Colleague: 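My questions will all concern the structure given below.
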Amino acid sequence: MPKTPQAIRGTQDIFGPDAESFAFVVETFERVRKLYRFRRIEMPVFEKTDVFARSLGETTDVVSKEMYSFDDRGGESLTLRPEFTAGIARAFLTNGWQQHVPLKVGTHGPLFRYERPQKGRYRQFHQLDAEIIGAGEPQADVELLAMADQLLRELGIATGPGGVTLHLNTLGDGTSREAWRSALIEHFRAVKGDLSDDSQERLEKNPLRILDSKDRRDRPFVAGAPKIDAFLSEDALRFFDDVKSGLDAADVKWKRADSLVRGLDYYRHTAFEFIPDEGSAAADALGSQSTILGGGRYDGLMESLSGTATPAVGWAAGIERLAMLVGEKSPEAGVAILPESDELEAKASATAALLRRGGVNCWTAFKQNPKKRGIKARTDGVNAALYVRATDDPDGEFKLTNVSDTAGEVSISERVISILGEDRFGG
RNA sequence: GCGAUCGUAGCUCAGUUGGUUAGAGCGCCGGUUUGUGGUACCGGAGGUCGGGGGUUCGAGACCCCUCGGUCGCCCCA
């Protein structure tokens, strides 16, 4: 007999507490998204390869080695989306969403990157995504970050010192960024031989990346590297100041991280990541994949897709990584419906249906005696049991038991009794 | 792509310096208990020890290859 096929490497079958945490993250995001009036969009999971190749930059790791690309039956190269932003930009252009500018949108779903899986990193992973398109004002950055900060708080993830901190940087406008980049190349080329192997390679491909190298050998040279601040134009400087003061006014805690860069080519001005503080519980839970939410301003992206220049800013957050931080979610308070004999099965079903229409969370089983059902119901985390008896039972038709005295459970018991009628309950 | 580490029942794991018929808990199935504030009792099914090759009188254990998991590097959410 042939073997059961295996799941694809780096994919996950999420179930149990992990699935509950995942759902909690998504539900919380949806709530906060509406609070900030970001409109929901649904996006295709795949696009023409060009969409990503042109917008992310041919030399980035994502494009050069991590894309899931394939030819369709017509011979066209398609790619499973490795991120949301490029596809959203494409949709913005092809659908003429300029008419809705400034457009605030949010979405979530699976992304695909061909990478070696490890803790907090998968080949199919899931992100939350929020974008503000067509707003070049620093206030847009501030609102977007305030939303991110509130999301984390509502997930129960502490922001600020000892928890998860917003690391903030500016990459300047296009000219500032290029001048800085050249200066960095010059600086590191002079000491190339002393850099780590990885950084020697980065020097050609992505010199900005040397700045956040973890290798000891690079540290002295990183410390002495030119800072972006020295290359910022007056406009870029003012923009960054406005973002910073806006965050302070909104009471969003942040930390300057002048070596924070982004992996993709399209970023300008603001760049940010929420990262757990070293030694925090969150840092332990995440392993070495520590960024839980990251993004920035991408004023150059639309042009790379042959659209008119349109300023935009956005972020994405890893749902799996957030789920690792929210802890176990206990199931909602519920009541087990237990028929006291086989003949009462239909009555028990009817009772459960009645209660559920009244909004009561009911646990049911499909076989086994009441004793075993009761045991199973408790291991499944219900708080109460409703025993269903014959209509003419001298002890009453229903008996409710095992309700503890927390407010939620008491209210369940009250609802059950009021729906079924107090006079039908016996001892 | 590179490195480390681990693969024994559906799940979590034990299995001595290589030595008869590979074990436990949970889960599952059947039964007992006539029932309920803390998960009872009895019984049962279930394993090509990831796969292939090798060493040996003998391999779950040692060696090689391979597939997969986990963690790290690179990179990223």
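Order of the sequence lines sets the chain letters (A, B, ...), proteins ahead of strands, with each chain counted from 1. Since we're looking at a predicted model, the values are computed, not measured. For the numbers below, each heavy atom of this structure counts, side chains included, while hydrogens, waters and symmetry mates do not.
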Colleague: Could you tell me how far B/rU32 sits from B/rA24 if I compare only their C1' atoms? Round to whole Å.
Modeller: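 Nearest-Å result for B/rA24 against B/rU32 at atom C1': 24 Å.
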
Colleague: For the side chain of A/Glu340, counting heavy atoms from C-beta on, which of B/rC73, B/rG35, B/rC75 is nearest?
Modeller: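 So the nucleotide nearest the side chain must be B/rG35.
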
Colleague: Of the nucleotides B/rU36, B/rC73, B/rC76, which has the atom closest to the A/Arg321 side chain?
Modeller: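 Closest of the options to the side chain of A/Arg321: B/rC76.
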
Colleague: Just to verify, which of A/Val142, A/Thr270, A/Asp141, A/Leu168 counts as forming a side chain to side chain contact (heavy atoms under 4.5 Å, CB included) with A/Lys244?
Modeller: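 Going through A/Val142, A/Thr270, A/Asp141, A/Leu168 one by one, the side chain to side chain contact (heavy atoms under 4.5 Å, CB included) with A/Lys244 is satisfied by A/Leu168 alone.
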
Colleague: Using atom C1' in both nucleotides, what's the gap between B/rG54 and B/rA59 to the nearest angstrom?
Modeller: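 B/rG54 and B/rA59 have their C1' atoms separated by 11 Å.
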
Colleague: Can you tell me how far P in B/rA22 sits from the matching atom in B/rU12, rounded to whole Å?
Modeller: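 Looking at atom P only, B/rA22 and B/rU12 are 23 Å apart.
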
Colleague: Considering only the C1' atoms, how many Å lie between B/rA45 and B/rC29, rounded to the nearest integer?
Modeller: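 It works out to 7 Å between them.
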
Colleague: Under 3.5 Å, is there a donor-acceptor pair between the A/Arg40 and A/His108 side chains?
Modeller: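 A/His108 and A/Arg40 do have a side-chain donor-acceptor pair below 3.5 Å.
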
Colleague: Base, sugar-phosphate or nothing for A/Phe84? Non-hydrogen atoms, less than 4.0 Å.
Modeller: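 If one applies the 4.0 Å heavy-atom cut-off, A/Phe84 turns out to touch nothing in the nucleic acid.
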
Colleague: Given B/rU36, B/rA77, B/rC28, identify the nucleotide with an atom nearest to the side chain of A/Phe125.
Modeller: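 Per side-chain heavy atoms of A/Phe125, the pick is B/rA77.
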
Colleague: To the nearest Å, give me how far apart CG (A/Asp212) and P (B/rC73) are.
Modeller: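 My rounded result for the distance is 12 Å.
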
Colleague: Under 4.5 Å between any side-chain heavy atoms of A/Leu152 and A/Phe274, yes or no?
Modeller: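 Of all side-chain heavy-atom pairs linking A/Phe274 with A/Leu152, at least one is under 4.5 Å.
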
Colleague: In whole Å, what is the span from the CD atom of A/Glu201 to the C1' atom of B/rG1?
Modeller: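 About 10 Å, once rounded to whole Å.
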
Colleague: Using whole Å, report how far OH of A/Tyr122 lies from C1' of B/rU70.
Modeller: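 So the two atoms are 11 Å apart, to the nearest Å.
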
Colleague: Counting only side-chain nitrogens and oxygens, does A/Arg209 get under 4.0 Å of the OP1 or OP2 atom of B/rC76?
Modeller: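 Yes, within the criterion.
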
Colleague: For A/Arg113, is there an ion pair with A/Glu83 - N to carboxylate O distance below 4.0 angstrom?
Modeller: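 No.
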
Colleague: Do A/Met302 and A/Phe92 come close enough that some side-chain heavy atom pair is under 4.5 Å?
Modeller: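 Yes - at least one pair of side-chain heavy atoms lies under 4.5 Å apart.
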
Colleague: Do A/Lys329 and A/Phe24 form a cation-pi contact, if we require the NZ or CZ to be under 6.0 Å from the six-membered ring centre and within 45 degrees of the ring's axis?
Modeller: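 Cation-pi check for A/Lys329 and A/Phe24: passes.
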
Colleague: Is the closest side-chain donor-acceptor distance between A/Ser199 and A/Asp218 under 3.5 Å?
Modeller: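 Yes, A/Asp218 and A/Ser199 have a side-chain donor paired with an acceptor closer than 3.5 Å.
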
Colleague: P atom, B/rC2 versus B/rG47: distance in rounded Å?
Modeller: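 After rounding to an integer number of Å, I get 38 Å for this pair.
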
Colleague: Could you state the atom-to-atom distance from NZ of A/Lys65 to P of B/rG1 in whole Å?
Modeller: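 So the two atoms are 10 Å apart, to the nearest Å.
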
Colleague: Under 4.0 Å between a side-chain N or O of A/Arg116 and OP1 or OP2 of B/rG68?
Modeller: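 No, because none of the side-chain N or O atoms of A/Arg116 sits under 4.0 Å from OP1 or OP2 of B/rG68.
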
Colleague: Between A/Tyr114 and A/Leu286, name the one whose nearest nucleotide on RNA chain B is closer to the 5' end.
Modeller: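 Checking each residue's closest nucleotide, the 5'-ward one belongs to A/Tyr114.
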
Colleague: Would you call the rings of A/Tyr298 and A/Tyr267 parallel, tilted or perpendicular, where under 30° means parallel and over 60° means perpendicular?
Modeller: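 The rings of A/Tyr298 and A/Tyr267 stand perpendicular, inter-plane angle above 60°.
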
Colleague: Which value, in whole Å, describes the distance between the P atoms of nucleotides B/rG10 and B/rU48?
Modeller: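 Per the computed distance, 8 Å lies between those P atoms.
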
Colleague: Answer yes or no on whether A/Arg123 is positioned over the face of A/Tyr114, meaning its NZ or CZ is under 6.0 Å from the six-membered ring centre and within 45° of the axis.
Modeller: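 Yes; both conditions hold, so A/Arg123 lies above the ring face of A/Tyr114.
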
Colleague: Got a salt bridge between A/Glu397 and A/Lys347, using NZ or NE/NH1/NH2 to carboxylate O under 4.0 Å?
Modeller: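 Salt bridge: yes.
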
Colleague: Which side-chain N or O atoms in residues 219-228 of chain A pair as donor and acceptor under 3.5 Å with protein atoms at least two apart or in another chain?
Modeller:
none

Colleague: Give a yes/no answer on whether the side chain of A/Thr401 brings an N or O atom under 4.0 Å of OP1 or OP2 in B/rG37.
Modeller: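 No, because none of the side-chain N or O atoms of A/Thr401 sits under 4.0 Å from OP1 or OP2 of B/rG37.
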
Colleague: Let's test your reading of the pairing rules: Watson-Crick or G-U wobble, both distances under 3.5 Å, then write RNA chain B as a dot-bracket string with ( ), [ ], | and dots.
Modeller: (((((((..((((.....[...)))).(((((.......))))).....(((((..]....))))))))))))....

Colleague: Can you find an N or O donor on one side and an acceptor on the other, under 3.5 Å apart, linking the side chain of A/Lys372 with the base of B/rG31?
Modeller: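 Such a pair is found, so the answer is yes.
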
Colleague: Using atom C1' of each nucleotide, how far apart are B/rC63 and B/rG69 to the nearest Å?
Modeller: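 23 Å, rounded to whole Å.
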
Colleague: Could you check whether A/Gly287 gets within reach of a base, just the sugar-phosphate, or nothing at all, counting any heavy atom under 4.0 Å?
Modeller: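 Contact class for A/Gly287: sugar-phosphate only.
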
Colleague: Where the side chain of A/Arg262 is concerned, which of B/rA77, B/rU36, B/rC75 is the nearest nucleotide?
Modeller: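 Closest nucleotide to the A/Arg262 side chain: B/rA77.
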
Colleague: Rounded off to whole Å, could you give me the CZ-to-P distance for the A/Phe52 and B/rC76 pair?
Modeller: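 Going from A/Phe52 (CZ) to B/rC76 (P), I get 17 Å.
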
Colleague: Looking at side-chain heavy atoms only, is the closest gap between A/Thr170 and A/Leu232 below 4.5 Å?
Modeller: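 They are in contact (side-chain heavy atoms under 4.5 Å apart), so the answer is yes.
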
Colleague: RNA chain B: A/Leu293 or A/Lys376, which has the more 5' nearest nucleotide?
Modeller: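 Looking at RNA chain B, the more 5' nearest nucleotide goes with A/Lys376.
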
Colleague: With a non-hydrogen cut-off below 4.0 angstrom, is A/Arg373 in contact with a base, only sugar-phosphate, or nothing?
Modeller: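 Counting heavy atoms under 4.0 Å across all strands, no contact is made by A/Arg373.
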
Colleague: Need one value for A/Arg9: base, sugar-phosphate or nothing, where a base atom within 4.0 Å counts as base even if backbone is also close, heavy atoms only.
Modeller: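 Sugar-phosphate, no base atom in range.
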
Colleague: Atom CZ of A/Arg202 and atom P of B/rG1: how far apart are they, to the nearest Å?
Modeller: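 In whole Å, B/rG1 P lies 20 Å from A/Arg202 CZ.
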
Colleague: Can you tell me how far C1' of B/rC11 sits from CG of A/Asp18, to the nearest Å?
Modeller: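 So the CG-C1' distance, A/Asp18 to B/rC11, works out to 15 Å.
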
Colleague: What distance, rounded to whole Å, do you find between the two P atoms, one in B/rC13 and one in B/rU56?
Modeller: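 After rounding to an integer number of Å, I get 35 Å for this pair.
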
Colleague: In whole angstroms, how far is the C1' atom of B/rG1 from the CG atom of A/Asp198?
Modeller: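 To the nearest whole Å, that distance equals 11 Å.
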
Colleague: Is the phosphate of B/rC71, meaning OP1 or OP2, less than 4.0 Å from a side-chain N or O of A/Gln118?
Modeller: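 It does not, given that no N or O in the side chain of A/Gln118 lies less than 4.0 Å from OP1 or OP2 of B/rC71.
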
Colleague: If you take any heavy atom closer than 4.0 Å to RNA chain B, which residues from residues 143-151 of chain A end up in contact?
Modeller: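 Listed by number, there are none.
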
